[in-house]
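The block underneath contains the structure these notes are about, expressed in structure tokens.
Chain naming here is simple, since letters A, B, ... match the order of the sequence lines and numbering starts at 1 in each. Side chains included, hydrogens not; waters and symmetry mates left out as well; all remaining heavy atoms used.
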Amino acid sequence: MGTLFSALLALYPRAFRDEYGGEMSMALRDRLRHASGPAERAMVWVEAIAGLLREAPKEHLAMLQSDFRYTLRSLRSSPGFTLAVIATLALGIGSNTAVFSIVDAMLLRPLPYPEAERLVMLWETKRDLKVDENRVSPANLFDWRARTRTLERIAMFRPHRVTIAGAGEPVEVQAHGVNREFFAALGVKPQMGRLIGPEDDRPGDPPVIVISHRLWQQLMGGDPGVVGQVLRANARVVTVVGVMPPQFQFMGPEVDIWSPMQLNEARDWRADAGRFVDAFGRLKPGVSLGAAQRDLRLIATQLESEHPEFNTGWSVNVVALREQVAGKVRKALWVLLGSVGLLLAIACANVANLLLARAATRQREIAVRLALGANQALLVRQLLTESLLLSFAGAGFGIFLAWAGGRLFDVLRPVELWSPNAVAVDSRVLVYSIVLAVGAGVLFGLAPLWTARFTDIQQALKQKARGTTGNARLLRGALVASQCALTVVLLIGAGLLVRSLMKLQAQNPGLNASNLLTARVSLPGAAYREPQLRVRFFEQAVEKLKAMPSVRAASATGFLPFTGDAAGTDFSVAGQPSPEPGKELLTVVRVVMPGYFETMGIPVLRGRTFTGDDNRDTAPVRYVVNQELVQRYLRDRDPLRERISVMMRDQNPYSEIVGVVGDVREGALDKSPEPTVYYVHAHLAYPGMTLVIRTAGDPMGTAAAVRGVIRSLDATQPVAEVRTMEQVLNRTMTRQRFAATLLTAFSILALLLAAIGVYSVLSYVVAERSQEVGVRMALGAQTIDLLKLMIGQGLAWASFGLAGGVCVALLVCRFLRSMLFGVGTADPMTIASATGLLLLTGLIATLLPAWRASRVDPVKVLNQE
Amino acid sequence: MDEDPAPEFFLPLHKDTLHILVSLADRDRHGYSIIQDVANRTDGAVRLSPSTLYGAIKRLLEQGLIEELSDRPDPEHDDERRRYYRLSHLGRQVARLEMRRLERLLADARATGLVPLKR
């Protein structure tokens with residue numbers, strides 16, 4: 001029984017147990033001895049144990065409160081130290097929390113749709129093409145839907161732009177044409193009204209739309225009677241049937257309208273249409289992605305043999321929706337999280353050094369107490385209370401910094417970094433922050449204890465008041481060296497990304513992007529049904545623009561390069577055998593107006609470009625092609641003597657090539673150019689064209705005038721996406737710029753922290769070695785000798801760190817390979833710059849302490865001893 | 001040297017604390033003696049467990065309301081591991097103040113008819 005109670009006493013803090021444990025056991029024994037019978041003895045036991053369980057936690061709490069009060073007093077008495085530590089930790093923990101909140105929103109938190117893990121994107125893919133995310137043919141999609149055993153729904157959507165009129169000024173918005181299964185597959189519900197369903201999606205069904213919450217608020221003033229209201233969308237009368245909830249987004253933050261596509265499922269879409277819809281599906285419960293992939297690939301194989309002229313070589317790619325949304329930035333985000341983790345490690349090293357310096361006077365005390373058998377657990381508790389208090393204070397400020405950073409990111413967030421989850425400091429992020437704070441606190445908090453444990457007691461007693469034990473000095477030097485090592489890793493990583501970005505920006509895009517304004521005009525199909533009307537409209541617009549004094553040249557194109565949008569099809573060359581199915585000659589197709597190449601600064605290499613006479617629907621079809629098409633398909637031949645047939649229209653007779661122009665990077669700067677065929681507008685009369693205007697001065701200064709010109713031709717026609725070509729180009733590099741900017745910022749912070757680390761430790765060493773310096777000076781040492789001594793010490797730490805850091809960087813930076821362009825992971829220039837920068841910073845950080853060492857008055861110092 | 005805080009600073013007392021101070025008012029005692037005395041005086045209504053008692057003793061020592069004796073009242077007949085406690089001057093003042101506070105409370109209760117008047 002006594003053993004049991006003694007064992008239970010272990011619940012108490014050791015100090016209390018040592019003090020009162022014996023008496024408590026005696027008191028219990030006496031009570032049991034005086035108990036009248038078994039029942040009362042049992043009662044005594046119950047009361048004893050209940051009391052113990054109630055009181056033991058209170059003792060622990062009392063001790064923590066006492067430690068807490070002591071620590072607060074101690075920290076208040078050295079405000080400079082406390083602020084420096086809290087600021088350092090706020091930076092380290094805050095930056096980690098901020099990046100984690102972004103990673104959480106984009107990569108970890110489930111997408112905001114019911115059972116989102118079952119949603120998958122469906123792409124067509126051609127075996128010999130490098131593209132594995134090609135849009136889908138509606139005919140193929142209908143067959144997938146009929147034959148699949150793994151998907152419970154297959155939906156399609158098609159991004160396009162819509163001009164909305166009937167509620168204030170006409171405005172052009174982004175829209176998705178959707179099929180009947182779209183909303184059902186997502187599993188979402190409207191805020192008001194209903195969603196598009198089977199009753200809306202047949203050809204000829206009454207035209208309806210669902211609008212976004214934003215559109216409802218901005219355009220219709222949040223009118224509660226919006227359901228049933230009538231609007232004009234692309235000059236067509238439509239009825240609003242539903243409003244989406246405020247947070248709803250799917251594949252883009254800017255979509256404001258959903259309308260039924262009303263595709264005729266009985267039509268043979270393979271005969272005269274290509275692959276032009278986007279598709280996604282919902283897996284059946286319990287079905288894996290791999291199973292769906294195999295299922296759809298099997299169907300694709302069947303379709304290949306059933307429709308060889310359309311499907312030879314084509315298969316299916318099934319991608320988890322989460323992967324689709326975040327896949328491209330996944331690596332960059334993990335790299336950033338890793339980098340910011342390094343920053344925290346550097347911050348912790350700094351704080352550990354600060355604590356070590358501050359605790360130097362306590363080294364002796366701690367060592368003596370340990371040697372005399374002091375309770376190590378008590379010491380650990382006291383050290384940890386201080387470090388955790390500092391850590392949590394730093395984390396508190398850090399969380400605020402992270403919250404502010406998150407708000408900024410959400411506002412400035414480029415489309416490439418879109419995800420349907422908003423960046424927020426929620427409970428998961430807070431837990432992450434707390435874990436970091438605890439980890440950091442334990443890591444740097446135990447530094448003084450670690451050095452004290454291995455201290456020789458006699459050595460410790462011999463040290464002067466300001467002295468440090470040898471172990472502490474070693475640890476401090478090691479900490480500074482590791483800070484330098486980690487800083488070099490960050491510097492090299494940032495350097496690689498920055499050089500990569502610079503190489504990307506230096507790439508010749510194939511056109512002259514300066515002083516070039518672009519503006520999108522999408523004519524409503526219903527009002528401009530006749531192709532000649534569309535051609536005429538844009539001709540007039542371009543004429544009026546060219547007449548403006550601030551405009552040097554003007555033209556228009558179906559889709560701007562570098563926006564990722566383009567049509568594609570196959571073609572054949574006259575006199576050459578038709579390629580076998582699956583081995584077609586593929587080309588991008590662009591539609592342009594006369595003067596396009598001149599306005600864009602695309603060089604004309606052979607022949608001529610389109611003229612006004614070409615831009616008539618009665619004129620013969622003529623093509624302009626790019627250099628890449630000639631090199632790939634017409635090598636060793638004169639392209640101006642060749643005739644090609646391009647599968648874009650109902651009738652595609654062989655037509656002459658009249659000119660060859662320079663390559664423009666169609667998709668992005670870091671991809672090679674695609675073979676391209678250019679049509680003149682009259683022969684592929686798209687209703688939506690992007691005007692391109694070369695201005696004399698600042699392009700945005702002409703924006704208002706451009707709107708005026710369009711309004712003068714059609715007062716109801718809005719102008720959208722007014723931006724410069726430089727802005728368009730810059731957007732292609734958003735991901736790279738995002739990663740490079742953040743990593744550079746982290747490296748600069750790390751460099752600063754490392755510099756502070758070197759400076760503070762060296763200052764301390766100088767103060768500590770003042771006696772030695774005094775003796776040296778008395779013995780005739782010159783200022784330069786002392787400077788060399790101190791600077792040498794600082795640079796020695798930095799150099800050790802550098803060497804280690806470069807080795808680690810060479811290993812670690814290999815993960816950056818896929819993010820780099822034109823730069824290898826062991827780029828010598830980057831490594832040289834990073835090491836040079838670190839050494840320079842280290843040198844600067846050592847100068848002041850070293851100079852102070854040289855100003856020591858040897859007489860004063862020697863007299864003090 | 002810090003001055004002792006004023007006795008009023010410690011009021012109101014927890015009931016267990018008051019019982020311990022009352023128990024020590026007539027003589028010095030060791031732990032089990034306090035437990036017995038409190039149980040006897042309250043006819044078993046208040047039974048202090050060792051945990052409750054020694055938690056309170058630790059606090060009372062820190063507050064200066066009780067003191068540990070250096071001499072043992074009866075060294076020959078007692079376990080030398082036992083420690084004896086005495087009510088300090090401050091502790092006596094605090095206990096008296098608390099009793100007066102409770103008397104006033106009782107008088108108020110009688111005045112309002114909550115408790116019958118003493119005959």
Side-chain angles (χ1 to χ4, degrees), chain A residues 1-37 39-67 69-70 73 378, chain B residues 2 5 10 13-17 19-20 23-24 28-75 77-86:
Chain A
M1 289 292 185
T3 321
L4 173 63
F5 191 69
S6 299
L8 286 171
L9 282 174
L11 289 175
Y12 273 99
R14 170 121 172 230
F16 186 94
R17 206 161 65 236
D18 290 346
E19 186 72 22
Y20 298 110
E23 283 180 72
M24 288 168 72
S25 299
M26 272 197 292
L28 177 64
R29 197 192 60 210
D30 290 340
R31 282 196 75 190
L32 286 170
R33 204 166 354 114
H34 290 114
S36 58
E40 196 182 330
R41 271 200 289 278
M43 199 61 210
V44 167
W45 265 110
V46 167
E47 283 169 359
I49 291 172
L52 199 142
L53 292 175
R54 202 178 47 237
E55 297 293 328
K58 285 188 201 169
E59 289 305 321
H60 282 287
L61 194 62
M63 295 194 93
L64 275 173
Q65 282 171 337
S66 161
D67 284 340
R69 278 194 295 269
Y70 173 77
R73 268 200 309 273
L378 192 79
Chain B
D2 291 331
F10 297 97
L13 290 178
H14 189 273
K15 65 168 177 53
D16 290 341
T17 306
H19 280 297
I20 295 168
S23 176
L24 290 173
D28 306 330
R29 295 178 189 273
H30 58 70
Y32 178 62
S33 173
I34 297 172
I35 291 174
Q36 256 186 328
D37 183 57
V38 169
N40 289 341
R41 275 190 289 105
T42 62
D43 291 328
V46 177
R47 294 157 65 96
L48 298 173
S49 70
S51 299
T52 309
L53 174 71
Y54 283 96
I57 283 178
K58 175 175 173 260
R59 268 190 310 279
L60 291 170
L61 282 170
E62 282 168 359
Q63 288 167 339
L65 299 185
I66 65 175
E67 293 159 345
E68 187 182 326
L69 291 187
S70 40
D71 294 326
R72 316 181 70 74
D74 190 359
H77 290 106
D78 204 356
D79 192 321
E80 65 178 27
R81 291 175 299 168
R82 282 195 207 282
R83 290 191 289 193
Y84 282 75
Y85 303 98
R86 163 187 296 162

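- Comparing A/A50, A/G51, A/A62 by heavy-atom pairs within less than 4.5 Å of chain B, the highest count is held by A/G51.
- Interatomic distance, OH of A/Y20 versus OG of B/S51, reported as 13.5 Å (0.5 Å rounding).
- Top candidate by heavy-atom pairs under 4.5 Å with chain A, chosen from B/P50, B/A39, B/G55, is B/P50.
- Side-chain contact check for A/R54 and B/T52: at least one donor-acceptor pair (N or O, by modelled atom type) lies under 3.5 Å.
- Within the 4.5 Å cutoff, side-chain heavy atoms of B/K58 are placed close to those of A/E59.
- Under the 4.5 Å side-chain criterion, counting only non-hydrogen atoms from C-beta, B/H30 is not in contact with A/M26.
- Each of A/R33, A/R29, A/H34, A/M24 was compared with B/Y32 under the side-chain contact (heavy atoms from CB on, under 4.5 Å) criterion, and only A/H34 meets it.
- Between B/R83 and A/E23, at least one side-chain nitrogen of the basic residue sits less than 4.0 Å from a carboxylate oxygen of the acidic one, meeting the salt-bridge criterion.
- Expressed to the nearest 0.5 Å, how far CZ of B/R47 lies from CZ of A/R31 amounts to 5.0 Å.
- Neither the backbone nor the side chain of B/I34 comes within less than 4.5 Å of any heavy atom of chain A.
- The shortest distance between side-chain heavy atoms of A/E19 and B/L61 does not fall below 4.5 Å.
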Exercise for the section: Just do the side-chain contact (heavy atoms from CB on, under 4.5 Å) check on B/R82 and A/D30 with the steps written out, would you? Expected result: CA-CA 12 Å; B/R82 282 195 207 282; A/D30 290 340; 2.8 Å; yes

